[in-house]
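Worksheet for the structure shown next.
Just so it is clear: chains get the letters A, B, ... in the order the sequence lines come, proteins before strands, and each one is counted from 1.
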Number of protein chains: 2
Amino acid sequence: MKIGELARATDTKVETIRYYEGAGLLAPPARTDGNYRSYGTDELLRLSFIRRARDLGFSLDEVRELLALADDRDQPCGAVDAVASSHLATIERKIADLSQMRDELARVIGGCRLGKVGDCKIIQTLEPLRGASRR
Amino acid sequence: MKIGELARATDTKVETIRYYEGAGLLAPPARTDGNYRSYGTDELLRLSFIRRARDLGFSLDEVRELLALADDRDQPCGAVDAVASSHLATIERKIADLSQMRDELARVIGGCRLGKVGDCKIIQTLEPLRGASRR
DNA sequence: GCTTGACCCTATAGTTGCTAGAGGGTGCAT
DNA sequence: ATGCACCCTCTAGCAACTATAGGGTCAAGC
């Protein structure tokens with residue numbers, strides 16, 4: 001399989017595959033006579049794994065860790081669970097942060113579509129000192 | 001006010017303030033004889049605005065836009081509302097994406113803390129093809 | 001046999017929003 | 001006069017790609 005086919009098969013850009021190789025997530029593959037990268041099923045599986053983990057929000061470092069763990073199938077599974085659980089906690093923190101932003105922003109929007117910027121609640125919210133001292 | 005005082009007053013790092021200047025969010029301030037940046041209340045207000053907007057998750061581009069709108073207080077307020085609403089939509093999309101990740105991840109965690117990696121549900125989830133073809 | 005076009009190669013720079021470092025100058029107190 | 005905290009500019013680094021420049025390869029069509 002050439003890199004373009006692998007890219008289509010995994011919904012990945014060609015440049016990203018080469019980037020993963022440079023980043024040590026994919027081993028340098030065999031080359032054809034014309035110096036083209038040549039991939040087989042193993043690489044397809046490995047890249048699918050990487051993409052799925054990335055879709056779930058794992059960082060490349062975490063993916064590297066998961067790949068190392070997945071490669072050693074006799075290891076106890078607790079280490080994998082630890083990576084995933086810590087990532088889950090990170091995601092939950094992000095959701096909480098964004099929810100707070102959303103609530104603050106929603107509170108401010110929609111009150112002054114017809115007024116002028118000078119009376120705009122959004123702007124006033126962003127200007128705590130000036131907003132508090134005026135009027 | 002010297003840059004360090006402004007930094008403490010706005011809970012911003014000195015380097016970040018200089019970065020905002022380079023990025024066009026803060027105008028180049030007056031200088032002292034010794035070539036130190038010298039700030040007044042206007043800059044303090046402007047930087048507070050920027051920090052607050054950043055806290056609410058606005059990008060630097062969006063902050064630039066909001067600053068331009070805030071500077072022209074006779075403009076109708078709809079443009080401000082548009083920036084904020086579109087940002088709110090972005091945040092809500094992110095929350096939805098992260099919630100889906102969280103659900104998928106939570107579904108997979110916790111089932112195999114005692115087993116081996118070869119039987120690990122997390123790893124199997126990440127390896128869709130191999131996971132589906134085994135057993 | 002030769003050209004066209006799609007594909008591949010390497011190497012480098014750009015993106016966002018900072019942060020950190022090198023290598024120096026300023027200003028005040030002791 | 002010397003130590004120290006602070007300031008200056010310039011450059012490089014982070015994540016995780018993406019894009020560009022400037023080439024080489026390969027199969028098909030004329």
Pairs under 3.5 Å (N/O, protein and nucleotides 25-29 of chain D):
{"from": "D:dT25", "atom 1": "O4'", "to": "A:Tyr36", "atom 2": "OH", "distance (Å)": "3.2"}
{"from": "D:dT25", "atom 1": "O2", "to": "A:Tyr36", "atom 2": "OH", "distance (Å)": "3.1"}
{"from": "D:dC26", "atom 1": "OP1", "to": "A:Gly34", "atom 2": "N", "distance (Å)": "3.3"}

- Task: Could you tell me whether a side-chain N or O of B:Glu104 sits under 3.5 Å from a main-chain N or O of B:Met101, the two making a donor and an acceptor?
- Result: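 Not confirmed, B:Glu104 side chain does not pair with B:Met101 backbone.
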
- Message: With nearest nucleotide decided by heavy atoms, which residue, A:Thr16 or B:Glu5, maps closer to the 5′ end of DNA chain D?
- Response: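 The answer here is B:Glu5.
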
Write down the distance between [atom1] ([X]) and [atom2] ([N]), rounded to a whole number of angstrom.
X       : N      : atom1 : atom2 : result
B:Arg31 : C:dG27 : CZ    : P     : 13 Å
A:Asp61 : D:dC17 : CG    : C1'   : 15 Å
A:Phe58 : D:dA16 : CZ    : C1'   : 17 Å
B:Ile17 : D:dC7  : CD1   : C1'   : 12 Å
A:Asp55 : D:dC17 : CG    : C1'   : 15 Å
A:Tyr19 : D:dA19 : OH    : P     : 15 Å
B:Lys94 : C:dT16 : NZ    : C1'   : 11 Å
A:Leu26 : D:dA16 : CG    : P     : 15 Å

Is there side-chain contact between [X] and [Y], with at least one heavy-atom pair below 4.5 Å?
X       : Y        : answer
A:Phe58 : B:Leu105 : yes
B:Glu62 : B:His87  : yes
A:Ile91 : A:Leu56  : no
B:Met1  : B:Glu43  : no

- Message: Starting from B:Leu67, can I reach B:Leu69 by hopping between I/L/V/M/F/W/Y residues whose side chains sit under 4.5 Å apart?
- Response: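 Same hydrophobic cluster.
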
Would you indicate which nucleotide in [options] comes nearest to any side-chain atom of [X]?
X       : options                : value
B:Ser59 : C:dG17, D:dC17, C:dA20 : C:dG17
A:Lys13 : C:dT19, D:dT18, D:dA16 : D:dT18
A:Arg37 : C:dT10, D:dC17, C:dT19 : C:dT10

- Task: For A:Tyr20, enumerate each residue passing the side-chain contact (heavy atoms from CB on, under 4.5 Å) test, keeping only those at least two apart in sequence or located in another chain.
- Result: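 So A:Tyr20 forms a side-chain contact (heavy atoms from CB on, under 4.5 Å) with A:Thr16, A:Leu25, A:Leu26, A:Leu47, A:Ile50, A:Arg51, A:Arg54, A:Leu60.
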
- Message: Counting the atoms with a prime plus P, OP1 and OP2 as sugar-phosphate, which does B:Arg54 contact under 4.0 Å by heavy atoms, base, sugar-phosphate, or nothing?
- Response: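 Contact class for B:Arg54: sugar-phosphate only.
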
- Message: Considering every strand and a 4.0 Å limit on heavy-atom distances, what is the contact class for A:Tyr20: base, sugar-phosphate, or nothing?
- Response: sugar-phosphate

- Message: I want to check one thing: is the phosphate of D:dT9, taken as OP1 and OP2, less than 4.0 Å away from some side-chain N or O of B:Arg18?
- Response: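 Looking at the OP1 and OP2 atoms of D:dT9, neither is under 4.0 Å from any side-chain N or O of B:Arg18.
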
